[in-house]
Colleague: 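Here it is: the structure, laid out below.
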Amino acid sequence: MTPSTPAAAVSRPAAPRRSARRRGRWGTAAPYLFVLPAVLLFAGFKLYPIAWSFLLSLHRTVGGTETFVGADNYLRLADDPLFWTALRNTGVILVVQVPLMLALATGLAVALDSTLLRGRPVFRLGFFLPMVTGLVAYGIVFSVLLNEEYGLVNWLLGLVGIDPVPWLTEGLWARISLGLALTWHYTGYNAVILLARLQTIPRELYDAAAVDGAGALGAFRHVTLPGLRPALLLTTVLSTIGTLQLFDEPYVLTGGGPDNATLTIGVYLYQNAFKYFDFGYASAVAYALTVLVGVLGMIQFRLLGEKS
Amino acid sequence: MTDQQSGRQPGRRQVLRGGSALAAAGLGLTGLTALTGCSGSGDTGAGGSGGAGDPRKGKITVWSWQGPAAELKALIPDFNKSHPDIQVTVEDIGNPAIWDKITTGLAAGGQGLADVLHIGVDYLPGYVERFPGGLADLAPLGATAHKDAFAAGLWQTVSPDGKRVNALPWEANSAGFYYRSDLFERAGVDVGALQTWDETIEAGKQLKARTGAHLLGIDKPASQPDAANFFQMLLQLQGAFYFDLEGRITLDSPEAVRAMTLIKTMNDAGLVSNLAGGWNALMSSLKKGTAAVLPWPTWFGGIIEEQVPEEAGKWKVRLPPAVRRGGPTAATVNSTHLAVAGSSKQQAAAWSFVEFALTRPASQVRIYRGKGIAPALLKAYDDSVFHEPSAFFGGQRKGEIFLGALRAPGSAVNYTADYARALKLVTDAQSKVLLKGADPAKVLGEAASELARQTGRKNVR
């Protein structure tokens with residue numbers, strides 16, 4: 001390296017002068033000009049709304065005018081049974097559905113990676129396809145399939161002598177239905193992320209494990225799982241955020257019912273803003289949700305991310 | 001909500017598409033973004049005083065949904081004969097999508113709103129109260145001249161203070177009682193003789209035993225807000241509602257408890273089929289003949305004719321039985337209206353179209369012939385079309401039955417700006433009663449207290 005450096009400098013003497021000349025007019029401004037559109041768009045469509053929404057969360061509409069109420073909307077949250085119901089429902093989905101879905105996705109990823117499986121691209125496509133289905137469209141399809149009296153699922157169950165299941169009309173079943181719909185929609189997506197990571201794990205590690213006498217389960221536990229850790233962290237954090245923001249599925253499938261059994265924070269936020277025109281309160285719900293997403297995301301990074 | 005059915009078709013909503021497993025800036029922030037567009041500042045453009053523009057010329061846009069939109073569109077050639085320089089574009093926004101679109105437009109200070117807006121009675125007070133000036137005052141444009149032209153109680157809906165006129169009534173739907181006369185005949189029940197809902201429940205038991213059909217259907221888990229329509233009808237038949245005229249909460253009034261108790265009695269007796277899923281389930285039930293009675297308002301007759309044409313002659317219609325013996329059997333259960341946006345630069349031209357569509361009997365008759373939309377304009381009923389016997393409804397003069405209800409002195413209904421919140425609490429309470437057998441008085445009491453807490457309104461007990 002040492003001898004080549006002065007040679008390179010000597011061989012291109014004009015370059016620094018040319019760039020200095022340019023820098024005089026555009027040089028220092030160019031980077032700013034390039035990032036300006038992004039900064040402006042970010043400021044206009046993200047920062048401004050975020051700031052304005054915070055202001056809004058400190059106001060309440062009284063007789064058509066915005067009245068400053070300080071932290072009232074936030075205090076209202078603490079005392080609002082529906083907000084707590086929404087929080088609890090969202091928490092249940094987070095604790096029950098997300099781990100089940102990720103376990104399923106991991107199994108699926110391993111299966112899709114296996115050389116024993118023929119026609120792997122077809123299966124990969126098949127499992128990923130639900131992800132590209134329109135959220136509202138699949139919500140409607142599920143609600144038709146799961147209709148207690150007229151749905152296909154209960155009709156099929158009836159053929160084998162099983163009584164109609166109140167899929168969407170009873171609290172527990174409605175939660176199960178919501179979980180089923182979410183799992184159908186997002187498992188393939190998570191499996192594809194895990195699969196991508198799986199394919200980066202060196203084959204030699206498996207060979208070494210085999211030499212050490214590890215069976216299929218041992219290899220999975222000591223090679224696959226540690227190798228998947230970063231992807232598992234990513235899918236866990238994304239699924240957590242997605243669950244906390246859950247809106248479309250409960251909105252279309254159950255409308256948050258029956259009797260708020262599937263009411264999520266997203267649906268409650270929407271109801272307050274666009275049904276009750278209570279924008280200040282809805283903003284407070286949105287801020288509570290944002291704080292929750294931030295805190296849970298950080299906790300997960302701490303717990304899962306430390307060794308990756 | 002009540003008007004959402006009068007859209008004839010349930011719309012599909014694609015709002016706040018919060019893709020679940022996306023980046024951290026998701027609904028927390030997406031929601032914030034959406035909300036910020038809706039500052040609810042009350043700053044709504046032209047101030048809504050009415051009168052902007054030239055009444056003889058201009059370009060105006062009208063927002064409505066499905067059937068009504070088609071009918072407004074069909075009126076344009078006639079309108080242009082007298083107003084050749086006003087260019088009208090009618091847009092079918094779809095129902096319920098139209099409510100979000102109007103809400104966001106009003107909240108954004110009137111940005112992007114059409115000049116003429118079709119608004120249901122369940123949204124009108126909320127829009128007026130939350131977005132002052134969002135809708136133009138039609139009084140300076142001459143609306144007050146039509147004050148007595150509409151069915152009882154409707155002027156108070158569009159002009160609560162008697163001065164400012166927020167909209168003009170279009171569609172007025174009375175409570176109806178459509179029934180399968182063949183099923184009742186088989187059960188040996190004379191439906192015409194049923195005077196009260198208590199008697200109807202007894203008849204329903206006989207009907208169930210002899211034909212297997214349910215008396216009626218309710219969306220028990222309240223998949224859609226209109227699950228409370230029947231409850232609301234029973235309330236209105238007693239001259240009661242969720243709020244009194246001063247805006248105080250009357251959700252747990254004796255009338256409300258009585259209405260919910262009737263529903264519980266029916267359900268406990270196995271007379272209520274479950275219409276979970278809303279509109280689709282209702283249509284399936286109609287085709288399968290699951291329930292013998294459809295306690296729906298005026299416009300639903302057209303739906304029955306459309307859905308089960310092969311059942312012509314089997315259906316009949318009457319006004320609903322009274323809740324208490326000798327009590328009223330007529331109630332205007334919902335209405336829709338045309339308003340002019342406060343931000344419209346063509347308010348005068350927009351008003352010309354509204355006036356043409358809603359105050360001329362010829363326009364209303366044409367709309368009724370097209371889609372069976374029942375006008376609030378009483379003079380329209382002079383036309384023979386409202387007095388013709390209906391082949392589908394066994395030769396009954398259906399129009400006259402509902403006209404009788406419209407002429408009956410109806411008590412005014414105060415929906416207030418908090419109707420949507422009240423409706424949500426009511427549907428939750430009803431689900432508790434129907435699915436878990438909860439006590440009507442208890443759940444309504446809780447709903448009323450919660451409503452008071454959320455809205456700051458006084459509870460009348």
Side-chain angles (χ1 to χ4, degrees), chain A residues 45-46 48-50 52-53 56 61 63-66 80-81 135-136 140 143-144 147-150 168-170 174 182 186 189-190 235 238-239 241-248 251 254-255 257-260 266 269-271 273-277 279-280 282-283 285-287 289-290 293 297, chain B residues 12-42 99-100 103-104 107 126 129-132 220-225 273-274 276-277 280-281 284-285 290 417-418 420-421 424 427-428 431-432 435-436 450 453-454:
Chain A
F45 289 98
K46 287 284 175 197
Y48 165 72
I50 289 168
W52 185 254
S53 190
L56 207 55
T61 313
T65 51
E66 291 298 314
D80 179 355
L135 287 160
V136 174
I140 290 171
S143 66
V144 172
N147 188 289
E148 184 178 350
E149 223 166 312
Y150 311 103
L168 302 170
T169 56
E170 195 273 326
L182 290 170
Y186 294 107
Y189 169 79
N190 287 303
T235 47
L238 288 183
S239 300
I241 295 167
T243 304
L244 287 171
Q245 298 168 357
L246 198 60
F247 172 77
D248 305 67
Y251 184 83
T254 56
D259 190 22
N260 300 311
L269 187 159
Y270 169 82
Q271 286 175 348
F274 296 98
K275 288 277 172 214
Y276 314 149
F277 309 138
F279 297 113
S283 295
V285 174
Y287 260 89
L289 176 59
T290 309
V293 168
Chain B
R12 292 175 186 180
R13 213 184 288 249
Q14 292 188 321
V15 190
L16 285 180
R17 278 173 154 264
S20 188
L22 294 176
L27 191 111
L29 300 184
T30 313
L32 294 173
T33 312
L35 291 172
T36 306
C38 310
S39 65
S41 63
W99 311 120
D100 285 334
T103 306
T104 42
E129 195 172 312
R130 295 282 191 238
F131 311 108
K220 293 182 187 180
S223 331
Q224 304 291 329
S273 79
N274 192 352
N280 290 335
S284 303
S285 157
T290 321
D418 291 314
R421 210 184 270 280
K424 163 78 177 140
T427 52
D428 286 350
S431 289
K432 284 189 185 104
L435 298 174
K436 296 175 185 165
E450 180 58 20
R453 216 177 52 73
Q454 293 278 355

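In what follows, chains carry the letters A, B, and so on, assigned in the order in which the sequence lines appear, proteins first and then strands, with residues in each chain numbered from 1.
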Colleague: Would you say that B:L435 contacts A:P258 through its side chain, given a criterion of any heavy-atom pair below 4.5 Å between the two side chains?
Modeller: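 The answer is yes; the side chains approach within 4.5 Å.
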Colleague: Is it the side chain or the backbone of B:T290 that comes within 4.5 Å of chain A heavy atoms, both, or neither?
Modeller: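 Answer is side chain: those atoms of B:T290 sit under 4.5 Å from chain A.
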Colleague: Please classify the contact between A:E170 and chain B as side chain, backbone, both or neither, with a heavy-atom cut-off of under 4.5 Å.
Modeller: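 Contact with chain B involves no heavy atom of A:E170 at all.
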Colleague: Rounded to the nearest 0.5 Å, what separation is found between the NZ atom of B:K220 and the CG atom of A:L168?
Modeller: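 Between atom NZ of B:K220 and atom CG of A:L168 there are 15.0 Å.
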Colleague: Less than 4.5 Å apart, any side-chain heavy atom of B:N274 and any of A:T169?
Modeller: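 With C-beta onward as the side chain, the pair touches.
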Colleague: Below 4.5 Å, heavy atoms only, C-beta onward: do B:T103 and A:F277 meet side chain to side chain?
Modeller: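 Yes, side chains in contact.
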Colleague: Which heavy-atom pair separates A:P81 from B:E450 by the least distance, and what is that distance?
Modeller: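 Reported closest heavy-atom pair: CG-OE1, 3.6 Å.
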Colleague: At their closest point, which heavy atom of A:D80 faces which heavy atom of B:R453, and how far apart are they?
Modeller: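 Nearest heavy atoms, A:D80 then B:R453: CA-NH2, 3.5 Å.
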Colleague: What is the distance from atom NZ of A:K275 to atom CZ of B:R421, rounded to the nearest 0.5 Å?
Modeller: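 That separation rounds to 13.0 Å.
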Colleague: Check whether A:N147 gets within reach of chain B through its side chain, its backbone, both or neither, counting any heavy atom under 4.5 Å.
Modeller: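 Looking at A:N147, just its side chain touches chain B.
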Colleague: Can you name the salt bridge (charged side-chain N to carboxylate O under 4.0 Å, His left out) partners of B:D428, sequence neighbours left out?
Modeller: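 Scan of B:D428 (salt bridge (charged side-chain N to carboxylate O under 4.0 Å, His left out), adjacent residues dropped) gives B:K424.
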Colleague: B:D418 side chain to A:Y276 main-chain N or O, any donor-acceptor pair under 3.5 Å?
Modeller: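 Checked: no pair found.
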Colleague: Which one, B:A222, B:A281, B:S431, B:S223, leads in non-hydrogen pairs under 4.5 Å with chain A?
Modeller: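 Looking at each option in turn, the highest pair count goes to B:A281.
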Colleague: Given the options B:A417, B:S273, B:G126, B:S284, which has more heavy-atom pairs under 4.5 Å with chain A than any of the others?
Modeller: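 It is B:S284.
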